[in-house]
Amino acid sequence: MNTGAPRIEINEVGPRDGLQIEKAFVPTEEKIAFVDALSDCGYARIEVTSFTSPKAIPALADAQDVMRAIRRRPGVIYTALVPNIRGLERAVEVGTDELNLVMSSSETHNRANLRMTRDQSQAELTSILQAARAAGVPCNVSLSTVFGCPFDGDVPVSEVLRLATQFVEAGATGITLCDTTGMAYPSQVADVCEQVARAVPGIALTAHLHNTRGMALANAIAAWQTGIVRFDAAAGGLGGCPYAPGASGNVNTEELVHMFQCMGIATGVDLQALLAIVRGLPQLVQRDFSTPLLSAGHRLATHAPPAWLAERFGPA
Ligand code: COA
Ligand code: ZN
């Protein structure tokens with residue numbers, strides 16, 4: 001139980017998880033400007049893009065151009081998603097600071113998303129871990145569908161523990177537990193996070209939550225209470241996996257930051273600077289979507305009372 005970790009770290013995944021599912025291709029220069037603006041918000045990490053097949057994820061076909069051109073702000077770790085050896089080669093070539101390897105905890109989602117069996121993916125990622133160690137690039141492993149698979153339903157925790165343990169033994173420096181389609185609920189999140197933390201003690205765990213069913217913030221609190229201090233989140237709540245039916249946005253970064261700020265937990269992120277970026281997101285992705293925190297403002301963004309109050313009751 002977390003008795004009050006005073007600080008959390010946020011990995012902004014908007015440029016990767018956020019843009020991968022968008023229909024309108026965001027021009028390369030606009031992606032670069034998006035990442036550069038995020039760099040000034042105070043994030044620990046920014047997941048800039050993914051080095052996947054351009055046929056699988058056309059929205060991020062310009063991964064190398066983006067990674068090459070972004071401004072590298074000291075102190076920010078620039079990461080990218082990598083599913084195979086080809087992705088590793090492309091990522092290393094353009095100086096990605098840290099790789100985020102990916103495979104699913106469930107068999108069917110792995111086959112649909114990565115066109116490999118889980119065993120094939122595990123072998124591929126194990127080779128990447130070896131090659132990345134030789135190249136001196138740290139690797140986190142993201143396990144998708146940990147809290148449920150849109151094809152297979154509930155995923156045995158034993159499978160999550162097996163994969164997490166084997167990847168740590170193979171050299172992963174962190175494990176991300178992904179709720180790919182928002183199937184997680186708080187008591188499950190607490191239980192799974194505790195079990196994984198016991199299985200891989202001392203390894204940094206990250207929670208990757210989607211708000212598909214409105215439980216992302218509740219799940220974040222549940223994860224934090226078990227001691228997790230790293231969270232993936234997407235500005236504006238963009239995001240979703242194109243190979244998972246019904247997938248929708250990540251936990252909103254601005255809502256996550258606002259919530260933890262209210263609780264006195266430092267996130268490092270400048271909420272005003274982030275909200276200024278969120279304001280421009282509908283234009284970036286060329287569709288309208290609601291950004292409730294932007295409309296409502298900070299909880300203490302109070303309003304002037306109606307003028308008639310002073311007439312009726314006198315000055316407050
Ligand atoms: N980067 C760029 N191109 C790649 C690539 C990579 N990492 N991996 C494969 N390719 C290319 C191959 O060169 C080949 O190109 P060609 O048809 O012009 O010869 C083509 O993609 C198919 O290659 P293959 O090895 O047969 O891959 P696949 O079709 O079996 O797909 C993946 C496997 C993993 C590459 C693909 O499913 C993928 O990129 N998935 C990512 C899904 C994702 O990001 N989901 C959301 C995040 S969880
Ligand atoms: Zn996701």
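These values consider heavy atoms only, across backbone and side chains, with no hydrogens, waters or symmetry-generated copies.
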Which pairs, with at least one residue in residues 160-175 and sequence neighbours excluded, count as a salt bridge (charged side-chain N to carboxylate O under 4.0 Å, His left out)?
-> Glu159-Arg162
Using ring-ring contact (aromatic ring centres under 6.0 Å, His included) as the criterion, list what pairs up with His109, not counting sequence neighbours.
-> none
If you group Ile, Leu, Val, Met, Phe, Trp and Tyr whenever their side-chain heavy atoms sit less than 4.5 Å apart, what else falls in with Phe313?
-> Trp308, Leu309
Under 3.5 Å, is there a donor-acceptor pair between the Gln20 and Ser50 side chains?
-> no
Among Arg90, Arg68, Lys31, find the residue that satisfies the salt bridge (charged side-chain N to carboxylate O under 4.0 Å, His left out) test when tested with Asp62.
-> Lys31
Atom CG in Leu129, atom SG in Cys139: separation rounded to 0.5 Å?
-> 5.0 Å
Listed partners of Leu293 passing side chain to side chain contact (heavy atoms under 4.5 Å, CB included), at least two apart | Glu254, Glu255, His258, Leu271, Leu275
Under 3.5 Å, is there a donor-acceptor pair between the Ser39 and Tyr78 side chains?
-> yes
Is atom CZ of Arg115 surrounded by more than 12 heavy atoms (other residues, nucleotides or ligands) closer than 6.0 Å?
-> no
How would you list all residue pairs meeting salt bridge (charged side-chain N to carboxylate O under 4.0 Å, His left out) that involve residues 32-53, not counting sequence neighbours?
-> Glu9-Arg45, Arg16-Glu47, Asp40-Arg71, Asp40-Arg73, Arg45-Glu98
Are Tyr185 and Phe147 close enough that their ring centres sit under 6.0 Å apart?
-> no
CG (Asn211) and CG (Leu217) are apart, to the nearest 0.5 Å, by 6.5 Å
In Å, rounded to the nearest 0.5 Å, how long is the span from CG of Leu256 to CD1 of Ile8?
-> 5.0 Å
With sequence neighbours excluded, what pairs up with Phe51 under the ring-ring contact (aromatic ring centres under 6.0 Å, His included) test?
-> none
